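Start at 1 and go down the list; that is how both ligands and their atoms are numbered. These figures come from a predicted structure and were not determined experimentally.
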Amino acid sequence: MRKSLILASVLGFTALTAPIAASLYWASHEALRAELDYAGSLADEMLRRSAAARQQIYLALDTLRGAARADCSQATLALMRELSMGLSYLKDVGAVREGRLVCSSMGQYKNGIALGPSDVQVSSGVKVWRDVVLPYAPGLHLNVFERDGWMVAVHPDFVFDLALHDQETTVAVLIGSPALILQSRGPIDPAQLMSDPALAAGHAELPDHLLVRRHSAQNNLTALVAISRAGLRERVQRQALILLPLGAVAGLLLVAAVALATHRRLSLPGEIRLGLKRREFHLHYQPVVDLRTGRCIGAEALLRWRRPEGLPMSPDLFIPAAERSGMIRAITAHVIDNALRDLPALLALQPDFHLGINFSAQDLEADGSITQLLRGLRAMKAPAGSLVVEITERNVTDAKAAAKQIARLHDHGVQVAVDDFGTGHSSLSVLAGLELDILKIDKSFVDAIDAQAAASMVLPHIIDMAKALSLFMIAEGVETETQADYLRERGVQLAQGWLYGKPMPLEDLLDLLRTQGRAWATRGRSMPV
Ligand SMILES: Nc1nc2c(ncn2[C@@H]2O[C@H](COP(=O)(O)O[C@H]3[C@@H](O)[C@H](n4cnc5c(=O)[nH]c(N)nc54)O[C@@H]3COP(=O)(O)O)[C@@H](O)[C@H]2O)c(=O)[nH]1
């Protein structure tokens, strides 16, 4: 039981905490996924815009190469204006001679504007200058692309014109391999981010940042997004606010389920089931004596439960629980097994000995218990009359069926006693309809003898009735000599009670029989069969 309670506590604790822990894990997992999705969508958008800009750059360069002579004529300037006005990402389109911008859609530059050495030349032959400030557009930092003497200027911010969550986000677009940072924005140096080996997988979880990389092999472009973990923490908290109550509800439901299962397992029927499995039930025997001679001629088998905690539990508690839960058949099967196991030793000492065992309603209604009893008796060749089945009126729900079962018992020499007679469970109507052998006078009438109580007025009538029906009588709960004398004088043959012996283990009963001596054992049966 203690083990079961510990196990139930551990299960209950796990049932409560596991869903909460799972919801917290799920919240952080979901938040991480959402943050990576957000960073991924930023990177994708940057790549999309960069690719669109690249397309426009090449379109302009190709158009100029095909259509314009390498000069700054009015026709060429008009084409440049058309291109820079018509292509959304381009700020300017111009001609470069010997490293100098000589004209553009904005006009001609007398001495040309020196561009200096380019930052990189990509595989398609395009040279790239970053962060160029042209004198006619002083506030703009442009990226300039040149091929075959034609150039286009692009404002880098077009890529970053995105709705960023916070100022902590770093974004960058890189071109070529080895990659050149075309443009970047945010607190972290993109060159530092590019060196992280985990980036090969497309994303990395750094101590302070989540990093996402997208690459377009076709355009030889790379987009990088680094978002701060502070945002992730906020998102975890938001997710937790949604998922934690669900986890708590799931935890409480699980705890309720565990409690229910534990209650079922630890409730009395569950304990009885376990007790039977662990062989915690055993029989004690209470002597039944002949009132005339004081000789022990039989005993009633009474079930005892030795529970692991050592706490006894009265059959008054567990027998009704077993009857209600349907466990009584298993209990009776155990009683029959044990009684039949012990009977030979008792008969060996006293061949006219009889053993009484209690049957409940379900034992009487179904065939199982009676079949088990008769089969066992046959196997051990026990003499007729050595077993008495005790029933109460409460057990007789179908008098006809009960009569049949009693006849079956009689056929095999088993006697039937009506127990607790006069307590309201038994009545004359039952007695009249059933072929009973013995009437057990309830302890309450025996108690009344000493007390001179009203119940004592009833006792003589019970005795007369038993005599009229030729029933043998056993008075229950006899505790004093006065009671014994009264019963003896009125012709009650047998008695059971603390005056003669409390329920005792088999060994003690065997000792008692041994001390009765051989003379008693050979005098013959005290009860009619
Ligand atoms: N179906 C089954 N019922 C059983 C079985 N074992 C017991 N029982 C029934 O449980 C009830 C309580 O039994 P128990 O606590 O064993 O009490 C018995 C005696 O100990 C008690 N008794 C006997 N003499 C005296 C006495 O002088 N004083 C006193 N205070 N108590 C005494 O009476 C009980 C025997 O009652 P009964 O069976 O009516 O003869 C009880 O109803 C048992 O029947 C079982 O295996 N199956």
S.K.: Got the closest protein heavy atom to atom 28 (N) of ligand 1, with its distance?
M.R.: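 Protein heavy atom at minimum distance: Glu479 OE2, 2.6 Å.
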S.K.: Please list the nearest protein heavy atom to atom 3 (N) of ligand 1 with its residue and the distance rounded to 0.1 Å.
M.R.: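 Protein heavy atom with the smallest distance to atom 3 (N) of ligand 1: Asn358 CB, 3.6 Å.
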S.K.: Does Arg214 come within less than 4.0 Å of Asp44, counting only side-chain N to carboxylate O?
M.R.: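 Yes.
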S.K.: Per the ring pair (Phe, Tyr, Trp, His ring centres under 6.0 Å) rule, what does the pair list look like for residues 286-332, sequence neighbours excluded?
M.R.: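 Counting only pairs at least two positions apart or across chains, the ring pair (Phe, Tyr, Trp, His ring centres under 6.0 Å) contacts touching residues 286-332 are Phe281-Trp305, Phe281-Phe318, Trp305-Phe318.
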S.K.: Compare all side-chain heavy atoms of Met327 with those of Leu276 and state whether any distance is below 4.5 angstrom.
M.R.: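 Yes; the side chains approach each other to less than 4.5 Å.
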S.K.: Which residue from Ala361, Ala475, Ser360 reaches closest to atom 1 (N) of ligand 1 through any of its heavy atoms?
M.R.: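 Considering heavy atoms of Ala361, Ala475, Ser360, the nearest to atom 1 (N) of ligand 1 sits in Ser360.
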S.K.: Just checking Lys404: does its NZ atom have more than 12 heavy atoms from other residues, nucleotides or ligands closer to it than 6.0 angstrom?
M.R.: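 Counting neighbours around NZ of Lys404, 12 or fewer heavy atoms of other residues, nucleotides or ligands fall under 6.0 Å, so no.
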S.K.: What's the shortest distance from atom 7 (C) of ligand 1 to any protein heavy atom, and which residue and atom give it?
M.R.: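 Going by distance alone, atom 7 (C) of ligand 1 is nearest to Leu302 CD2, 3.6 Å.
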S.K.: What protein heavy atom sits nearest atom 20 (O) of ligand 1, and how far away is it?
M.R.: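 Looking at atom 20 (O) of ligand 1, the protein heavy atom closest to it is Pro503 CG, 3.4 Å.
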S.K.: What residues, two or more places apart in sequence or in another chain, satisfy salt bridge (Lys or Arg N to Asp or Glu O under 4.0 Å) together with Glu280?
M.R.: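 Arg278.
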S.K.: Please state whether the rings of His29 and Trp26 are parallel, tilted or perpendicular, taking 30° and 60° as the class boundaries.
M.R.: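 Aromatic pair His29/Trp26 classed parallel.
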S.K.: Which of the atoms in ligand 1, numbered in the order shown and given with their element, are less than 4.0 Å from a heavy-atom of Gly477?
M.R.: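 Within the 4.0 Å cut-off of Gly477, ligand 1 contributes 24 (N), 25 (C), 26 (C), 27 (O).
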S.K.: Centre-to-centre under 6.0 Å for His412 and His410, is that the case here?
M.R.: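 No: the rings miss the under 6.0 Å criterion.
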S.K.: Which residue from Glu323, Glu300, Glu476, His284 reaches closest to atom 38 (O) of ligand 1 through any of its heavy atoms?
M.R.: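 The residue whose heavy atom sits nearest atom 38 (O) of ligand 1 is Glu300.
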S.K.: At under 4.0 Å between heavy atoms, is it the side chain or the backbone of Leu303 that contacts ligand 1, or both, or neither?
M.R.: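 Under 4.0 Å from ligand 1, Leu303 contributes backbone and side-chain atoms.
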S.K.: Just jot down the ligand 1 atoms closer than 4.0 angstrom to any heavy atom of Lys443, in number order.
M.R.: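 Near Lys443, meaning under 4.0 Å from one of its heavy atoms, ligand 1 has 26 (C), 28 (N), 29 (C), 30 (N), 31 (N).
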S.K.: Could you list which atoms of ligand 1 come closer than 4.0 Å to a heavy atom of Asp420?
M.R.: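 That gives atoms 39 (O) of ligand 1.
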S.K.: Examine ligand 1 and decide if any of its atoms is less than 4.0 Å from a heavy atom belonging to Arg304.
M.R.: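 Distance cut 4.0 Å: Arg304 passes for ligand 1.
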S.K.: Determine, for Asp367 against Arg408, whether the closest basic-nitrogen to carboxylate-oxygen distance falls under 4.0 angstrom.
M.R.: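 Salt bridge: yes.
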S.K.: Have a look at Gln496, Lys440, Gln286 and point out the one with the heavy atom closest to atom 24 (N) of ligand 1.
M.R.: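 Comparing heavy atoms across Gln496, Lys440, Gln286, the nearest one to atom 24 (N) of ligand 1 lies in Gln286.
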S.K.: By number and element, which atoms of ligand 1 are closer than 4.0 Å to a non-hydrogen atom of Val335?
M.R.: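 Answer for ligand 1: 46 (O).
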S.K.: Considering Ile319, Asp316, Ile474 one by one, which has a heavy atom nearer to atom 4 (C) of ligand 1 than any of the others?
M.R.: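 Nearest option to atom 4 (C) of ligand 1, by heavy atoms: Ile319.
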S.K.: Right, does atom 34 (C) of ligand 1 have protein non-hydrogen atoms nearer than 4.0 Å?
M.R.: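 Looking at atom 34 (C) of ligand 1, one finds that no protein heavy atom lies closer than 4.0 Å.
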S.K.: Using a cut-off of 6.0 Å, state whether more than 12 heavy atoms not belonging to Arg306 lie near its atom CZ.
M.R.: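 No, not enclosed.
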S.K.: My understanding is that we take every heavy atom of each candidate and find the minimum distance to atom 27 (O) of ligand 1. Doing that for Phe318, Tyr500, Trp498, which one comes out nearest?
M.R.: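 Looking at heavy atoms only, Trp498 sits closest to atom 27 (O) of ligand 1.
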S.K.: Check each of Gly356, Pro315, Ala322, Ala301 against atom 9 (C) of ligand 1 and report the one with the nearest heavy atom.
M.R.: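 The option holding the nearest heavy atom is Pro315.
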S.K.: Counting only N and O atoms by type, is there a donor-acceptor contact under 3.5 Å from the side chain of Thr170 to the main-chain atoms of Ala226?
M.R.: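 Not at all, since once roles are kept as given, no pair shorter than 3.5 Å links the two residues.
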S.K.: Examine distances only and state if a side-chain atom of Glu390 and a backbone atom of Gly356 form a donor-acceptor pair shorter than 3.5 Å.
M.R.: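 Absent.
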S.K.: Give the numbers and elements of all ligand 1 atoms closer than 4.0 Å to a heavy atom of Gly497.
M.R.: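 Numbered from 1, ligand 1 contributes 24 (N), 27 (O).
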